[in-house]
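Notes follow once the structure below has been shown.
These numbers come from a predicted model, not from an experiment. Read the numbers this way: they start at 1 and go in the same order the structure lists the ligands and their atoms.
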Amino acid sequence: GIDPNFETNREDVGEEHEVTVWGPTDPPEELGIRGTHVAVDFDICLADGACLEDCPVDVFDWVDTPGHPESERKANPTDEEQCIDCMLCVDVCPVDAIDVDPG
Ligand code: SF4
């Protein structure tokens, strides 16, 4: 699953799709962790879609990731500022790709 200490263990390498990218990245195979309050490890995400369906405030959007070995699209936490810390996305993700840091 996603490393909950990614902010310490990884480097901020910029922004894409309105959220911070935590490297390393080597596209298209390695895409890093995306977002900070709501963080999604794009290298683990399988595009299951439960987070998009269940988030009560529509934090996530699909972004296309052609050539990534796990899936050709990813759940991007575009509207992470809207998050109400319900933790549903963390609970439903089948591969533990999401970390939400309340507070
Ligand atoms: Fe949405 Fe709840 Fe996940 Fe926040 S914790 S992104 S509100 S499902």
*asked:* As an exercise, identify every atom of ligand 1 less than 4.0 angstrom from a heavy atom of Cys86.
replied: 2 (Fe), 5 (S), 7 (S), 8 (S)
_Using a 4.0 Å cutoff against the non-hydrogen atoms of Cys55, which atoms of ligand 1 qualify?_
1 (Fe), 6 (S), 7 (S), 8 (S)
_Subset of ligand 1 atoms that lie under 4.0 Å from at least one heavy atom of Phe60_ = 6 (S)
*For residues Thr20 and Asp12, is any side-chain donor paired with an opposing acceptor at under 3.5 Å?*
no
*Quickly, which of Glu16, His17, Glu15 forms a side chain to side chain donor-acceptor pair (under 3.5 Å) with Arg34? Name it, please.*
Glu16
*Answer side chain, backbone, both or neither: which part of Val57 comes under 4.0 Å from ligand 1, heavy atoms only.*
side chain
*Which ligand 1 atoms does Cys89 reach within 4.0 Å, using its non-hydrogen atoms?*
3 (Fe), 5 (S), 6 (S), 8 (S)
*asked:* Under 4.0 Å from a heavy atom of Met87: which atoms of ligand 1 are those, numbered in the order shown and with their elements?
replied: 2 (Fe), 5 (S)
_I need the atoms of ligand 1 closer than 4.0 Å to a non-hydrogen atom of Cys83, numbered in the order shown._
4 (Fe), 5 (S), 6 (S), 7 (S)
*Note the single closest protein heavy atom to atom 7 (S) of ligand 1, along with its residue, its atom name and the distance in Å.*
Ile84 N, 3.4 Å
_Is it the case that the side chain of Lys74 and the backbone of Val63 share a donor-acceptor pair, with hydrogens and angles ignored and the cut-off at 3.5 Å?_
no
*Are there more than 12 heavy atoms of other residues, nucleotides or ligands under 6.0 Å from atom CD of Glu11?*
no
*asked:* Ignoring hydrogens, what is the shortest heavy-atom contact between Arg10 and Trp22? Give both atom names and the distance.
replied: NH1-O, 3.4 Å
*Sub-3.5 Å donor-acceptor pair from the side chain of Glu80 to the main-chain atoms of Thr36, do we have one?*
yes
